[in-house]
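These notes are about the structure you will find just below.
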Amino acid sequence: MNDCLFCAIINGDIPSTKVYENEKVFAFRDINPQAPTHILVVPREHIESVDALNAQNGESALSCLLAIPEIAKAEGLTGGYRVISNIGEDGGQTVKHLHFHILGGKKLSESMN
Ligand code: AMP
Ligand code: ZN
């Protein structure tokens, strides 16, 4: 048992707007979008963040990365997009389950902080 929000979403205990799933990956729309398209790509495996990646769990992260171009194509993000993963307190991470934000659908700001 854990009290992780994204584990609950993956399990279907909390509703989400799913856009993609496979054996290792679940992706859904961010509830508070920061761009016209804002999708969260998360591994089904609970991993705290990029900082917790290692040789044992790395396949889950790779599966997330491989899903990103498929999702971007399905969303019509032909002009480009941004992928962000926040890590820890200083990185602004609020949900402690590894996730990659896909932001797109407009020309994004060049600022990254
Ligand atoms: P981060 O700040 O990088 O940890 O990102 C967490 C993201 O999860 C934020 O962009 C939130 O808007 C998003 N979020 C929080 N709760 C939900 C939810 N129930 N469904 C979808 N997205 C959520
Ligand atoms: Zn989790």
Side-chain angles (χ1 to χ4, degrees):
M1 285 295 286
N2 71 37
D3 60 359
C4 172
L5 173 66
F6 287 174
C7 282
I9 286 176
I10 292 161
N11 290 334
D13 297 332
I14 291 177
S16 69
T17 307
K18 180 179 75 177
V19 297
Y20 176 94
E21 68 176 325
N22 68 26
E23 191 189 322
K24 292 191 180 302
V25 178
F26 193 85
F28 53 98
R29 296 198 189 279
D30 196 292
I31 204 168
N32 181 25
Q34 305 296 308
T37 301
H38 187 170
I39 292 165
L40 301 172
V41 184
V42 313
R44 291 187 186 277
E45 181 179 6
H46 180 89
I47 300 167
E48 184 159 321
S49 75
V50 166
D51 200 49
L53 289 174
N54 56 44
Q56 280 67 51
N57 62 24
E59 207 182 314
S60 280
L62 177 60
S63 296
C64 288
L65 291 177
L66 293 175
I68 287 171
E70 285 191 52
I71 295 166
K73 191 172 181 202
E75 293 288 321
L77 302 178
T78 52
Y81 53 95
R82 183 169 292 159
V83 175
I84 295 173
S85 193
N86 296 325
I87 300 157
E89 207 60 31
D90 284 358
Q93 183 181 11
T94 59
V95 180
K96 305 291 192 251
H97 181 129
L98 174 65
H99 53 281
F100 297 94
H101 297 255
I102 300 176
L103 293 158
K106 70 169 187 182
K107 177 98 173 78
L108 299 168
S109 148
E110 287 179 15
S111 165
M112 284 200 284
N113 63 354

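Follow the hydrophobic side-chain contacts under 4.5 Å out from Val50 and you never reach Phe6; the two are in separate clusters. Hydrophobic clustering (side-chain heavy atoms under 4.5 Å, transitive across Ile, Leu, Val, Met, Phe, Trp, Tyr) groups Ile39 together with Leu65. No chain of hydrophobic side-chain contacts below 4.5 Å, direct or via other Ile, Leu, Val, Met, Phe, Trp or Tyr residues, connects Ile68 to Leu66. Following chains of ILVMFWY side-chain contacts shorter than 4.5 Å, one can reach Leu5 starting from Val42, so the two form part of one hydrophobic cluster. In terms of hydrophobic clustering, with Ile, Leu, Val, Met, Phe, Trp and Tyr side chains grouped at heavy-atom distances under 4.5 Å, Leu53 and Ile87 are assigned to a common cluster.
For the atom pair OG of Ser16 and CD1 of Ile9, the computed distance is 5.5 Å after rounding to the nearest 0.5 Å. The line from OG of Ser109 to CD of Gln34 is 12.0 Å long, rounded to the nearest 0.5 Å. Note that CD of Glu75 is 4.0 Å distant from CZ of Arg29, once rounded to the nearest 0.5 Å. Note that the CG atom of Leu40 and the OG1 atom of Thr17 stand 11.0 Å from one another [nearest 0.5 Å].
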Please table the atom pairs, donor to acceptor, closer than 3.5 Å between any side-chain atom in residues 93-104 and protein atoms at least two apart or in another chain.
residue: Gln93; atom: OE1; partner: Gly88; partner atom: N; Å: 2.8
residue: Gln93; atom: NE2; partner: Glu48; partner atom: O; Å: 2.9
residue: Gln93; atom: NE2; partner: Val95; partner atom: O; Å: 3.0
residue: Lys96; atom: NZ; partner: Gln93; partner atom: O; Å: 2.8
residue: His97; atom: ND1; partner: His46; partner atom: ND1; Å: 3.2
residue: His97; atom: NE2; partner: Pro43; partner atom: O; Å: 2.8
residue: His99; atom: ND1; partner: His97; partner atom: O; Å: 2.6
residue: His101; atom: ND1; partner: His38; partner atom: NE2; Å: 2.8

Please tabulate, one pair per line, all N/O donor-acceptor pairs under 3.5 Å involving side-chain atoms of residues 19-26, not counting sequence neighbours.
residue: Tyr20; atom: OH; partner: Asn22; partner atom: ND2; Å: 3.0
residue: Glu21; atom: OE1; partner: Arg44; partner atom: NH2; Å: 2.6
residue: Glu21; atom: OE2; partner: Lys18; partner atom: NZ; Å: 2.5
residue: Asn22; atom: OD1; partner: Lys24; partner atom: N; Å: 2.8
residue: Asn22; atom: OD1; partner: Val25; partner atom: N; Å: 2.8

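The nearest pair of heavy atoms linking Ser60 to Ile47 is CB-CD1, 3.8 Å. Taking every heavy atom of both residues into account, Tyr81 and Leu108 meet most closely at C-CD1, 4.4 Å.
The main-chain N or O of Asp13 is never found under 3.5 Å from a side-chain atom of Asn11 such that the two would form a donor-acceptor pair.
Asp90 CG: 12 or fewer foreign heavy atoms inside a 6.0 Å radius.
Considering only heavy atoms from C-beta on, Ile10 stays 4.5 Å or farther from Phe28 through its side chain.
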